[in-house]
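Following: one structure in structure tokens, then a few remarks.
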Amino acid sequence: MFEGWPPPVFDPAGPYAYAVSTLGWILIAMAVTVTLVVVATLWLALFGRRSTQLKIGGKKAIWLGGIIFPLVVLTALLIYGLTLTRHLSDPIQGDELRVRITGEMWWWRVAYLDDGGQALWHDANELHIPVGEPVVLELESADVIHSFWVPRLSGKLDMIPGRRNLMRIQADVPGTYGGQCAEYCGGPHALMGFAVIAHEPAQFAALMEARAAREVAAVPPDESDGALLFDVAGCAACHRIAGTTANGLAGPDLTHMGSRRTLGAGILPNNRGTLMGWIGDSQALKPNNRMPPYANLTADQLQALAIYLEAQR
Amino acid sequence: MTSGAGGQSARGIATVVKVEPLHSRNYAGLDRHLGIVRRHGAAFGSIQPSGDPRHLRMLAAAIGIGGKLAFKVSGIEPGKARRADSVAQPIEPVAGEAGIGRARIGARHGDQFATGGKAIGRSGFHRRAAAQQATCHQGTGEGSNGAHGAITRPRADLFRLVLAAMLLLPVTACQGEPENRREMPLADAGNGREEAIAAGCGACHAIPGIAWPQGTVGPPLDNMEARGLIGGQLPNRPDVLAAYIRDAPSLVPGTGMPAMPITPEQARDIAAYLYQAGAR
């Protein structure tokens, strides 16, 4: 699909993911140990000497192995686990980069926020972050429970309607990191992917500046076929392109569609061909998604729309 | 036996120059059967990939012959071994019935190659080969042995003919594999599947072997091996298909299929995959 997909689960690329990964390995090691002990005990209980069988079946064994051992081990594990991952949900200090990500059926609405929590610019299904810097994600949901998960960068946190959950992510090396909705959210839940792109700090600053400027820029009227079709065919009712009359908010913001890595929420490569295939009949690609098929468009019209969207960078 | 194509006398002679991997820049390591066909004083070069029995495939590129020639052809000295001259300039395949019955050297290049430049029919070979089916059991090994030494004595017309028939038999009559005129020996169909997925071909096409996505904007690409036309206009040939996959609008203006961001090599692999995956 794109570089970084499918995301490996045990290959952390930042401090928060390291903590989660470490905890994961510890859990696996403990689960294996406990399983071995239980199987060995079971074997002894069935085929061991009579005296051993009596010991295993005694009250003392049940108190030790059934109550004290789990109580101690699980309590220790809980404390250790919470300590290890406590920074994942640190509150906002004030100067971090803040991004609001809203789970929608079945895509991600993304807004880059200023210190006051106001949106600087809008995007969808893709997150740009600087390398080596924690980024605070404000995770919300517009409909049902989703779960935001970029395995190489942080933990997994639910997006719950009516709540705002904070989660920090950080990447230590530039690159593209795949993500995926991790809580079943209906129909095409499995086709609800995500891409995080980690840039060098200077490159990231330039990108932020350019996009924040694009958000408020006056866009000269576009007389191309694609631009006219975008209005006439109904795209603008659901999609927004900053600075134009297209200001629909039901679907993903398309202001930067042309530069996105993926199409259809992290599921398809983004090129002219896939754009045409998506516009023409996205229902065949992502069944029950909320965009209707545009079977009435001709090849020329599909192409014009794709070219117009490619230009939205 | 001695009568050549079209009931002519023994003047119609086929001499196989070489049956071993052809060492040339473009076709290195491929097992091809190179032949020089002489008929009524005219000589033609042809190249036949193994497993390709129904026609002498003409390559649209200069080829070098690395073997001993039985007679002089266009500047190549007889009896000179492993000479790699470009004897066949681009040779155009000409479609006859079913598209593969006949082939001829383009008139433009005929005189470069030999004296005549007239069309030669594949059918003569075919008939002779059929008459020689009894020698099938002799197999490729014996034929290859005979091919190493070139035939230099002009008196042995009959010998040459039998030898030629033996050499051609492994590819015409004895080879049990079904004919595959979509053969793309330089492409990697395995890579092709991955590349088709990476390029997102499935956004518009249902492609056999790719479970998702199966778009509906373009036609399904099953059974491409047997498809007659590409894009409703072009002959279904490996090179055409590969070119069309990469840049359809340049070949069929007005097509709904846009140019794709892939390299020619990737397009070739994808074409090979489509031929392989869709075959019924």
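By convention in this document, chain letters (A, B, ...) are assigned in the order of the sequence lines, proteins followed by strands, and residues within each chain are numbered from 1. These numbers were taken from a predicted model, which means no experiment stands behind them.
Between atom OG1 of residue Thr255(B) and atom CG of residue Asp300(A) there is a gap of 10.0 Å, rounded to the nearest 0.5 Å.
For residues 302-313 of chain A, a heavy-atom distance under 4.5 Å to chain B picks out Leu302(A), Gln303(A), given by residue number.
Shortest non-hydrogen contact noted between Pro269(A) and Ala198(B) is CG-O, 3.1 Å. Minimum interatomic distance between Ala284(A) and Thr216(B) (heavy atoms only, all atoms of both residues): CB-CG2, 3.6 Å. Closest approach of Gly256(B) and Met276(A) over heavy atoms only: O-CE, 2.8 Å. Residues Leu285(A) and Ala203(B) share a closest heavy-atom pair of CD2-O, 3.5 Å.
Within 6.0 Å of CD on Glu209(A) lie no more than 12 heavy atoms contributed by other residues, nucleotides or ligands.
Put simply, the side chain of Trp212(B) reaches to within 4.5 Å of the side chain of Leu191(A), judged on heavy atoms.
In terms of modelled atom types and a separation under 3.5 Å, the side chain of Asp281(A) and the main chain of Gly215(B) share no donor-acceptor contact.
The candidate with the highest count of non-hydrogen atom pairs below 4.5 Å against chain B, out of Ala295(A), Pro293(A), Gly273(A), is Gly273(A).
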